[in-house]
Amino acid sequence: MNRIAASTALAIAMAFCLGGCTAPEAPVPQARASTSEHFDYDKVVDAVVDRYDLPGIAVGVIDHGKVVYKGTRGKLKSGQPINADTLFKIASNTKAMTVTVLARLAQQGKLKWDEPVTTYLPDFAMHDPWVTEHMRVGDLVAHHSGMRQYAGDLMLWPTPNKFTPADVIRGLRYIKPTYTYSSGYSYDNVLFVVAGQVAAKAGGASYAELMRREIFQPLGMTRCRIGTWNREKVGNVALPHTRRDGKNVIIDGDNIPGDVIHPLTMDAAGGVRCSLNDMLTWSMNWVAPTAKQLQWLSPEQRRKEWQIYTPVHVSERQVRWNNRRFYGNAHGWFMGDADGHLVVEHTGVLSGMYSAVTLLPDMQSGFVILINASAGKARTVLKEVLLKHFTAPGEGRTVASYADELAQEEKAEKSAATDTSAATPAAAQALDGKLGVWRDPWFGKVRICPKDGVVRIASLKSPTMTGQVMRLDGRYMVKWDHSGADAWLEFSSASGGKLHMARVDPDSWGSHDFKDLAFTRVHACK
């Protein structure tokens, strides 16, 4: 069977699998024999590091049920080299672990996937009462809630903040949907926070304790951390980086006094840190589980995780690169095909940290990528080179060829960002009637008041969201003191009107979005 015919056959089979069958049961072409001994992984990793000037990376490869490669580059802040035990933030690769905690509890009879969320969390409510009544536990992790992409993320990022999981649960009822519940795909983080609270309620322990009890300890993932821990005592922790003035600069994204890490509201959506060794252990459990691991998590629960529940658009690039025919969201994973082979994957992004887990179950193979930099293109290129090594080794392309193509795409597609260099400080007198404390029902209060001769804006529950109000082309905007998407301030001209916000740069990170905010003025500055 040639790769086009194989891929088409797999796609046709998977078209009937939306919620009804499991991906591993679909027909796939005969897997090739291992060729890792003839593949220069070091050369590929070095090429990506050199092309994108990465401060640190850890890469691991599984081939036919065996770990065949571990490669690390870079140094820690201490000067010690990064190694396979260095902790990285895995970001949204946490989601598959959160789902597996739910699966473990379901296996133990402590919760049911099809039970309404309100069975476990009576205070849970979406904007539509009908959706509140009918949303099931499984829907929390299926990305088809009806909310816009990344809705409510300002309750999770930037960190640290004063929002709690209870705030997220209370706030959801005020976020209006943008499409019909269960009718389409839109990625969200906040419902995974709710899923973590469902797990805590059903499991009788905190989310962090459940993660340690149900995942880390049984699988022997000894370095992974969540909840409260001491960074100095644990040691060997990679810090995130960003590019500034042509150099890699550390972002201490924890923003903590001392070295004690505390639980964050976003933990169930993206808070786990793990080493390369631990992520390879996690991946091996999926592509080549032992008999003991199949008792730990039954085939039934594994199938439940690896069902497609929500179709996802297949990009033109993925058709071009991998002859992709289908893509969909499962529970904590994404399912697709590449050159006729089943691919199960997820990626992770946090400020200054990127990760990827890609599994090829029919080959008992896969790979893990951990990077402590804002390096989306580097991750994409490395993923493609490693994936092609497995799915179509005869068609493999170089790091340079993928990187050059991405650079051309970015040049052609990037939106023209608004030039804000001419913005000037807003005058308090011109903002008369608009100054004061404003409140949004889910985000809480912001204060827009003069301070030291300039107009400042500050969020009460997200302390790092502070900035100066500016004037540009007849509009008001806020230039944040810290990283984030600068935003337009749109005051309604009607008496008692609303304050809305919108990103100045439409290409900025989606979690820094403001579309769902609608502030009402509470009182004047005091």
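Computed from a prediction, not measured in an experiment: that's the story for all the values here.
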From CG (Asp516) to CG (Leu154), nearest 0.5 Å: 9.0 Å
Is Asp339 salt-bridged to Arg325, going by a charged N under 4.0 Å from an acidic O? no
Donor-acceptor check, side chain of Tyr150 to backbone of Asn189, threshold 3.5 angstrom: yes or no? no
If we count only N and O atoms by modelled type, under 3.5 Å, do the side chains of Ser315 and Tyr327 hold a donor and an acceptor together? no
When you look at CD of Glu316, are more than 12 heavy atoms from neighbouring residues, nucleotides or ligands closer to it than 6.0 Å? yes
Taking all atoms of both residues into account, what is the closest heavy-atom pair of Tyr185 and Tyr179, and its distance? C-OH, 3.9 Å
Going by the disulfide bond (SG atoms under 2.5 Å apart) test, which pairs reach into residues 262-313, not counting sequence neighbours? Cys224-Cys274
Any donor-acceptor N/O pair, Arg212 side chain to Phe216 backbone, under 3.5 Å: no
Show the atom names and distances, to 0.1 Å, of all donor-acceptor pairs under 3.5 Å that link a side chain in residues 279-289 to residues at least two apart or in another chain.
unit_1	atom_1	unit_2	atom_2	d
Thr281	OG1	Asn277	O	3.1
Ser283	OG	Met279	O	2.8
Asn285	OD1	Arg302	NH2	2.8

Any pair with a residue in residues 268-280 that passes salt bridge (Lys or Arg N to Asp or Glu O under 4.0 Å), sequence neighbours left out, goes on the list, sorted by first then second residue, please. Asp254-Arg273
Side chains of Asn236 and Thr86: donor-acceptor distance under 3.5 Å anywhere? yes
Is there a donor-acceptor pair under 3.5 Å between the side chain of Thr72 and the backbone N or O of Ile82? yes
Can you check whether Val141 reaches Thr98 side chain to side chain, under 4.5 Å on heavy atoms? no
Residue pair Asn161 / Thr464, side-chain heavy-atom distance below 4.5 Å: no
State, yes or no, whether a side-chain contact exists between Arg148 and Lys515 at a heavy-atom distance under 4.5 Å. yes
Please walk me through it: do Val260 and Thr228 pass side-chain contact (heavy atoms from CB on, under 4.5 Å)? CA-CA 7 Å; Val260 178; Thr228 301; 4.1 Å; yes
With sequence neighbours left out, write down each residue that passes side chain to side chain contact (heavy atoms under 4.5 Å, CB included) with Glu300, or none if nothing qualifies. Ser298, Arg303
Atom of Val234, atom of Arg225 and distance for their closest heavy-atom approach: CG2-NE, 3.5 Å
Backbone N/O of Ala103 and side chain of Thr100: donor-acceptor pair under 3.5 Å: no
Any salt bridge linking Asp85 with Arg223? Criterion: basic side-chain nitrogen under 4.0 Å from a carboxylate oxygen. no
Non-hydrogen atoms of Ile371 and Ile57 that approach each other most closely: CG1-CG1, 3.8 Å
Hey, are Ser92 and Lys95 close enough side-chain-wise for a donor-acceptor pair under 3.5 Å? yes
Checking side-chain polar atoms at under 3.5 Å, does Asn329 have a donor or acceptor matched by the opposite partner on Tyr187? no
Should Met501 and Trp488 count as side-chain neighbours, where that means a heavy-atom distance under 4.5 Å? no
Side chain to side chain contact (heavy atoms under 4.5 Å, CB included) with Lys77: which residues, sequence neighbours excluded? Leu239, Ile250
Determine yes or no for a side-chain-to-main-chain donor-acceptor pair under 3.5 angstrom, with Thr380 supplying the side chain and Gly376 the backbone. yes
Hey, does the side chain of Asp50 reach the backbone of Ala47 with a donor-acceptor pair shorter than 3.5 angstrom? no
Would you please classify the geometry between the Trp321 ring and the Tyr402 ring as parallel, tilted or perpendicular, with 30° and 60° separating the classes? perpendicular
Quick one: list whatever passes salt bridge (Lys or Arg N to Asp or Glu O under 4.0 Å) with Arg317, sequence neighbours left out. Glu409
Residues that Thr358 engages under side-chain hydrogen bond (donor to acceptor under 3.5 Å, both in side chains), provided they are two or more places apart: none
With sequence neighbours excluded, give me every salt bridge (Lys or Arg N to Asp or Glu O under 4.0 Å) pair touching residues 367-387. Glu345-Lys383, Lys377-Glu410
Side-chain heavy atoms of Leu342 within contact of Leu360, under 4.5 Å: no
Evaluate Ser275 against Phe88 for side-chain contact (heavy atoms from CB on, under 4.5 Å), listing each step before the verdict. CA-CA 6 Å; Ser275 68; Phe88 288 78; over 6 Å; no
When the ring centroid of His389 is compared with that of Tyr41, is the distance short of 6.0 Å? yes
Would you say the side chain of Ile215 lies within less than 4.5 Å of the side chain of Val101, judging by non-hydrogen atoms? yes
So does Met147 get a backbone contact from the side chain of Ser186, meaning a donor-acceptor N/O pair under 3.5 Å? yes
Taken to the nearest 0.5 Å, the spacing of Asp505 CG from Asp486 CG works out to 9.0 Å
Please check: side-chain N/O of Asp337 versus main-chain N/O of Arg324, any donor-acceptor pairing under 3.5 Å? no
Close side-chain approach of Asp53 and Asn248, heavy atoms under 4.5 Å: yes
Any chance you could lay out the side-chain contact (heavy atoms from CB on, under 4.5 Å) test for Val272 and Met211, step after step, and finish with the verdict? CA-CA 9 Å; Val272 169; Met211 184 64 74; 4.3 Å; yes
Any pair counted as disulfide bond (SG atoms under 2.5 Å apart), so long as it reaches residues 303-364, sequence neighbours left out: none
Salt bridge (Lys or Arg N to Asp or Glu O under 4.0 Å) filter on Asp513, not counting sequence neighbours, yields Arg503
Here the pair of heavy atoms bringing Val344 nearest to Pro361 is CG2-CG, 3.8 Å
Any side-chain heavy atom of Tyr52 sitting closer than 4.5 Å to one from Val381? yes
Results of salt bridge (Lys or Arg N to Asp or Glu O under 4.0 Å) for Glu214 - residues two or more places apart only: Arg104
Run the salt-bridge test on Asp259 and Lys233 with the 4.0 Å N-O cut-off and return the result as yes or no. no
Would you kindly say whether Thr391 and His341 are connected by a side-chain donor-acceptor distance under 3.5 Å? no
Let's go through His143 and Tyr309 carefully: what are the C-alpha distance in whole Å and the side-chain angles of both, what is the deciding distance for side chain to side chain donor-acceptor pair (under 3.5 Å) to 0.1 Å, and is it a yes or a no? CA-CA 9 Å; His143 297 305; Tyr309 297 91; over 6 Å; no
Between Gln364 and Ile62, is the side-chain contact (heavy atoms from CB on, under 4.5 Å) condition met? List the steps. CA-CA 8 Å; Gln364 291 187 304; Ile62 299 167; over 6 Å; no
Please answer whether the main-chain N or O of Leu191 pairs with a side-chain N or O of Asp188 as donor and acceptor at a distance below 3.5 Å. yes
May I ask you to decide if His144's main-chain N or O and Thr310's side chain share a donor-acceptor pair within less than 3.5 Å? no
Return the minimal non-hydrogen interatomic distance between Ala373 and Pro55, and the atom names on each side. CB-CD, 3.5 Å
Nearest heavy-atom approach of Asp153 to Ser511 is OD2-OG, 2.6 Å
Taking disulfide bond (SG atoms under 2.5 Å apart) as the cut-off, I'd like each qualifying pair that reaches into residues 48-104, sequence neighbours left out, listed once. none
